[in-house]
Enquirer: 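What follows is a structure written as structure tokens; I'll ask about it next.
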Amino acid sequence: MPRKHHIETTINGESTDFLCEARQSLLEVLRDTLHLTGAKEGCNNGNCGACTVLLDGQPVDSCLVLAVEVQGASIETVEGIAECGHLHAVQQCFLEDAALQCGVCTPGFIVAAKALLDRKPQPTEEDIRFDLAGNLCRCTGYDKIVRAVQNAAERLAAK
Amino acid sequence: MKDFDYAAPTTIDDAVGLLAKHNGRAKLLAGGTDLIVQLREFFREADVVVDVKKIAEVMDLRVEADGRLWIGAGVPCYRIYRDERVANSRGGLVDAARIIGGWQIQSRASIGGNLCNSSPAADSIPALIAERAVCHVAGPGGRRTVAVDEFCTAPGKNVLAAGEMLVGIEHPATAAKSASAYERFIPRNEMDIAVVGLGSWVRLDPTGKTIAEARIGLGAVAPTPLFAAEASQWLSGKPATEETFAQAGELAKKIAKPISDMRGPADYRVHLVGVLVRRTLATAVSRAAS
């Protein structure tokens, strides 16, 4: 039996520990061990961004992080984005602006877009397209996603 | 993915010891954006993965008083372009760090890893060549340095001998009125591999109108990134004009020996070398003058 590593981390603000093999990705552990199935496995090689989570505040492809690497780190997944049962402005605008079709890319876009707006509250369209280039959507053609992020920025600014 | 063990040493000596102990079966992990994909897709194998991110020297990003810059081999791209001291002095490397993959990749992928992966199309290497960066290597025989120009030896291959590791990359002291730029040609704006990548560095004379010294690095036009020696030397003493940039481009084209593949035919790549030499020299000169 491969050796299991005991990893202690914080996920969506809660102390969480788990056992994993060295070869397991953070994405595998999130989905299969911790049952946080929001992050999706798209390409499993760092191209599509469907597995995006925040690792110590930075967006990463969780398929390209070994779970053993997150000892002591803080992780935020799409499950942690809504606050007190209310959708985050990014989530609400994705819904209202129909910025999704099949939905597989959506959790990754939501996490990356929230990270973008946390850093740049008033992004230009170019900022949005550039910073979300690591997230692929094969349905929408991106325009609706960009508009949803722009509308979320306006809504957050009005708060 | 095949099973392997994981170690996270906190010193270079321990990391080098692990490489020796496992005799080629240990692989170094920095950002993992190449290694994890290669392990998963069976391009590489490891008995143990040695995570270097707990070694302080490997994660250090430091600017000395004279402008010398130390980039630990594990420092991720985002730390490079978010650092104002680096952004102001090494524009070419920052240009490259901003377009290696998307944001998620830049959160993890390191410049050191980009070097060690030794792709002919690696975005950071032409900029590092232009900026005269030097690799610091540790191994069983102690430490040594290698110019970035000499680091890559073939696609995916480099000068690291068995048991050696890249510790970091050092840039020389900055000079007045000097600056660099990197540009790559791809059919879209982001998330693609260079058809041609090009880094230029210039130092202007005190008038700001004449090039005192220049260095040009080429990517994706040969089995390894190249230093364009003739074009670089020719630029010394030339006026910083469009005509000069175009002539330097013609000289740089002479050493381009690209392949034809789905990203572009060889003659097109050679043509792009001329275009990108012109553009990056113009950008570097305008940055140096400001």
Side-chain angles (χ1 to χ4, degrees), chain A residues 1-5 7 20-28 39 41-73 108-109 111-113 115-116 119-120 126-136 142, chain B residues 1-8 10 26-54 59 74-79 81-82 95 98-110 113 117 186 188-193:
Chain A
M1 275 287 284
R3 181 160 91 97
K4 292 255 187 179
H5 298 256
I7 304 298
C20 68
E21 295 172 24
R23 66 183 178 87
Q24 283 186 290
S25 69
L26 175 59
L27 177 63
E28 268 181 82
E41 182 182 304
C43 64
N44 213 28
N45 64 17
N47 271 290
C48 78
C51 64
T52 302
V53 301
L54 303 185
L55 178 56
D56 290 331
Q58 279 290 119
V60 300
D61 293 320
S62 58
C63 74
L64 293 188
V65 176
L66 297 177
V68 286
E69 293 182 82
V70 304
Q71 170 64 38
F109 267 105
V111 172
L116 162 64
R119 270 200 72 75
K120 294 178 196 157
E126 194 182 344
D127 287 335
I128 296 170
R129 289 186 184 273
F130 192 82
D131 285 353
L132 298 184
N135 293 82
L136 301 185
Y142 300 104
Chain B
M1 216 185 312
K2 185 185 151 295
D3 187 46
F4 51 76
D5 211 346
Y6 172 83
T10 55
K27 296 283 179 268
L28 295 166
L29 170 71
T33 56
D34 287 313
L35 181 69
I36 294 173
V37 176
Q38 291 161 358
L39 290 171
R40 186 174 285 145
E41 295 176 359
F42 302 104
F43 292 121
R44 297 175 86 183
E45 278 189 19
D47 289 343
V48 56
V49 164
V50 179
D51 186 351
V52 296
K53 293 191 293 297
K54 302 280 189 271
M59 298 309 288
V75 173
C77 289
Y78 84 93
R79 282 183 56 197
Y81 60 70
R82 292 255 176 90
D95 293 338
R98 287 184 57 81
I99 56 171
I100 294 175
W103 191 4
Q104 290 92 334
I105 297 297
Q106 292 155 16
S107 294
R108 302 291 286 173
S110 66
N117 195 54
I186 56 173
R188 55 205 299 265
N189 291 325
E190 61 284 297
M191 290 285 283
D192 204 349
I193 295 172

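Chain letters run A, B, ... following the sequence lines, proteins first, then strands; residues in each count from 1. In this text, all values refer to a predicted model and were calculated from it rather than measured experimentally.
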Enquirer: Are A/N135 and B/Q104 close enough that some pair of their side-chain heavy atoms sits under 4.5 Å apart?
Expert: yes
Enquirer: Chain A heavy atoms under 4.5 Å from B/K2: which part of the residue, side chain, backbone, both or neither?
Expert: backbone
Enquirer: Can you see which heavy atom on B/F4 is nearest to which on A/R23, and at what distance?
Expert: CZ-CA, 3.5 Å
Enquirer: Under a 4.5 Å heavy-atom cut-off, does chain A meet the side chain of B/M191, its backbone, both or neither?
Expert: side chain
Enquirer: Please check this pair: side chain of B/R40 against backbone of A/N44, looking for a donor-acceptor N/O pair closer than 3.5 Å.
Expert: yes
Enquirer: Is it true that a side-chain atom of B/S107 and a backbone atom of A/V60 form a donor plus acceptor pair closer than 3.5 Å?
Expert: no
Enquirer: With a 4.5 angstrom heavy-atom cut-off, which part of B/D51 approaches chain A: side chain, backbone, both or neither?
Expert: side chain
Enquirer: Does the side chain of B/W103 come within less than 4.5 Å of A/D61's, by heavy atoms?
Expert: no
Enquirer: Check whether A/L66 gets within reach of chain B through its side chain, its backbone, both or neither, counting any heavy atom under 4.5 Å.
Expert: both
Enquirer: Given heavy-atom pairs under 4.5 angstrom as the criterion, report whether the side chain, backbone, both or neither of B/R98 touches chain A.
Expert: both
Enquirer: Looking at CE of B/M1 and CD of A/E28, how far apart are the two atoms once the value is rounded to the nearest 0.5 Å?
Expert: 7.0 Å
Enquirer: Any chance you could measure B/Y78, atom OH, to A/Q58, atom CD, to the nearest 0.5 Å?
Expert: 4.5 Å
Enquirer: Hey, are the side chains of B/I105 and A/L64 touching, using non-hydrogen atoms and a 4.5 Å cut-off?
Expert: yes
Enquirer: Can you tell which part of B/E41 gets under 4.5 Å to a heavy atom of chain A, answering side chain, backbone, both or neither?
Expert: side chain
Enquirer: Passes salt bridge (Lys or Arg N to Asp or Glu O under 4.0 Å), B/K54 versus A/E69? Steps please.
Expert: CA-CA 10 Å; B/K54 302 280 189 271; A/E69 293 182 82; over 6 Å; no
Enquirer: Heavy-atom distances under 4.5 Å only: say whether B/L39 touches chain A with side chain, backbone, both or neither.
Expert: neither
Enquirer: Measure A/L116 against the heavy atoms of chain B and call it side chain, backbone, both or neither at under 4.5 Å.
Expert: both
Enquirer: Of all of A/A115, A/G108, A/A112, A/G49, which one pairs up most often with chain B through heavy atoms under 4.5 Å apart?
Expert: A/A115
Enquirer: Side chain, backbone, both or neither: which part of A/V65 has a heavy atom under 4.5 Å from chain B?
Expert: both
Enquirer: Between A/G46, A/A133, A/S25, which has the largest tally of heavy atom pairs under 4.5 Å with chain B?
Expert: A/A133
